[in-house]
Amino acid sequence: MKKISLIGAGNIGGTLAHLIALKDLANITLIDVAKGIPQGKALDISQSSSVELFDLKIQGSNNYSAMKDSDVVIITAGIPRLPGMTRDDLLETNTKIISDVGKAIKKFCPKAFLICITNPLDAMVSVLQFSSKVKPNMCVGMAGILDSSRMKYFIAQELKVSIQNIETFVLGGHGDTMVPMLRYTKISGIPIEKFIKNKMISHSKLNSIIKRTQDGGGEINRLLKKGTAFYAPASSAVQMAESYLKNKKMLLPCAAYLNGEYGVKDFYVGVPVIIGKKGVEKIIELSLNDQERKKFNKSIQAVKQLTKKALKLV
Ligand code: APR
């Protein structure tokens, strides 16, 4: 059995553990600074195993050493957004936490595949890679699957079509500047333009879907008041972990380290990648039209600014 460590046993960490157990994917170690929380959640999920019929082992700990020899580490440690806060407001506190987590990874499981969820995502995944010293292709950020999944949901609702038929993705940073790629949106292989022509959906409706996608996290934050989204973020990260552990080679939008692709060097940005047993095995480069390029560049500027600020704090 492979081992997944979850650093942070809060809302997302607990949901990740539950999903991983239901999928019988790997043994789980939950780690958190809060006393009793990782142990309590590990015990609670373990006690569902006779009903859900999984055999994997789940343990909770307050020590980073418990992540020893993990195959995958998913990081949600940090403080989440409160209503009115942007993801960027979390920068200082979460940089310190992620930097500590990265150093622990370097010590206890330097060969693990790392998936960062902590916000502000694009900056935190850079801090994680910098402090853990893992190869850049073994460290990714979870954002694009979640953002794309939100957009797919809104389109499916509007068209009254199964969400399973919707293909789309989002490029760029995980923030208000993310770039939903309408030009690559298809319904069961049929371009969205056909549905616009058939008056099944209007341009203005699609624009409002794009805005809602960009504000996807904020909308849930305003509803929950005391926390941010956790079910969909957890599902998205599990898909990435599964593609790595089972060498599925899924093409997924993730925050990946760019080395000249898309004209960006040495920064983590959301792009389509193939994840397999070697981590990020390929970055898929798409040609962007003028409008998309303009939006993408704006997003890159926001990512670069925040990442530089975070790396200065390390
Ligand atoms: N080491 C381990 N765990 C830590 C540390 C640390 N140094 N610092 C904080 N934590 C733990 C907290 O004790 C808490 O249990 O991280 C957990 C975070 O859980 P929640 O507050 O429930 O937040 P969650 O909704 O899970 O989101 C976590 O993901 O999407 C992002 O913006 C979100 O940055 C946030 C992160």
Side-chain angles (χ1 to χ4, degrees), residues 5-20 29-42 44 59-67 70 73-105 107-108 114-128 131-132 140-147 149-150 173-176 178 215-238 240 254-255 270 306 310 313-314:
S5 285
L6 306 173
I7 319 300
N11 280 339
I12 302 180
T15 310
L16 280 168
H18 197 201
L19 288 175
I20 293 164
T29 298
L30 275 156
I31 301 175
D32 200 293
V33 284
K35 299 264 181 281
I37 299 293
Q39 293 86 350
K41 291 194 179 181
D44 188 8
Q59 57 158 345
S61 174
N62 300 114
N63 292 317
Y64 286 144
S65 59
M67 72 171 90
S70 297
V73 183
I74 308 179
I75 299 99
T76 61
I79 53 161
R81 260 200 296 179
L82 297 171
M85 279 169 93
T86 66
R87 291 185 181 95
D88 304 357
D89 291 335
L90 311 172
L91 192 78
E92 214 163 303
T93 311
N94 287 354
T95 295
K96 165 87 184 72
I97 293 171
I98 295 301
S99 171
D100 290 346
V101 171
K103 285 177 201 153
I105 289 169
K107 189 166 170 195
F108 297 112
L114 313 183
I115 302 171
C116 183
I117 304 185
T118 302
N119 276 314
L121 194 270
D122 309 279
M124 290 306 102
V125 66
S126 279
V127 171
L128 184 68
S131 51
S132 64
V140 284
M142 187 295 297
I145 302 174
L146 171 64
D147 297 328
S149 178
R150 285 175 171 153
H174 183 50
D176 309 336
M178 69 178 81
D215 180 46
E219 182 177 0
I220 292 182
N221 197 196
R222 289 191 294 279
L223 289 166
L224 297 181
K225 296 189 178 66
K226 281 189 181 153
T228 44
F230 52 100
Y231 294 113
S235 294
S236 307
V238 170
M240 294 161 78
C254 304
L306 210 62
L313 295 168
V314 178

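Whatever order the structure lists them in is the order used to number ligands and atoms, beginning at 1.
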* Asked: So which of Pro233, Gly78, Ala34 gets nearest to atom 18 (C) of ligand 1, if we judge by its closest heavy atom?
  ->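 Looking at heavy atoms only, the winner is Gly78.
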* Between the candidates Asp32, Thr93, Ile75, which shows the shortest non-hydrogen contact distance to atom 12 (C) of ligand 1? ->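 Of the listed residues, Asp32 has the closest heavy atom.
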Proximal ligand 1 atoms for [X], defined as those under 4.0 Å from one of its heavy atoms:
X: Asn94; answer: 34 (O)
X: Val33; answer: 1 (N), 2 (C), 3 (N), 4 (C), 5 (C), 6 (C), 7 (N), 8 (N), 9 (C), 10 (N), 13 (O)
X: Ile79; answer: 34 (O), 35 (C)
X: Tyr64; answer: 1 (N), 2 (C), 6 (C), 7 (N)

* Asked: Can you find a non-hydrogen atom of Ile117 under 4.0 Å from ligand 1?
  ->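 Ile117 counts as a contact of ligand 1 under the 4.0 Å cut-off.
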* Does Ile97 come within less than 4.0 Å of ligand 1, judged by its heavy atoms? ->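 Under 4.0 Å: yes for Ile97.
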* Asked: Which residue, Thr76, Ile117, Ile12, forms the side chain to side chain contact (heavy atoms under 4.5 Å, CB included) with Phe230?
  ->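 Exactly one option meets the side chain to side chain contact (heavy atoms under 4.5 Å, CB included) with Phe230, and it is Ile12.
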Report yes if the side chains of [X] and [Y] come closer than 4.5 Å at any heavy-atom pair, otherwise no.
X: Thr228; Y: Ile220; value: no
X: Gln59; Y: Leu30; value: no
X: Ile31; Y: Asn63; value: no
X: Ser131; Y: Ser99; value: yes

* **side chain to side chain donor-acceptor pair (under 3.5 Å) partners for Ser70, two or more places apart** =>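 If we apply the side chain to side chain donor-acceptor pair (under 3.5 Å) test to Ser70, skipping adjacent residues, the hits are Ser5.
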* **Pairing residues for Asp215 by the side chain to side chain donor-acceptor pair (under 3.5 Å) criterion, not counting sequence neighbours** =>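 Testing Asp215 for side chain to side chain donor-acceptor pair (under 3.5 Å), a comparison that skips the adjacent residues, returns Arg222.
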* ligand 1 and Ala77, any nitrogen or oxygen pair closer than 3.5 angstrom? ->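 Such a contact does not occur with ligand 1.
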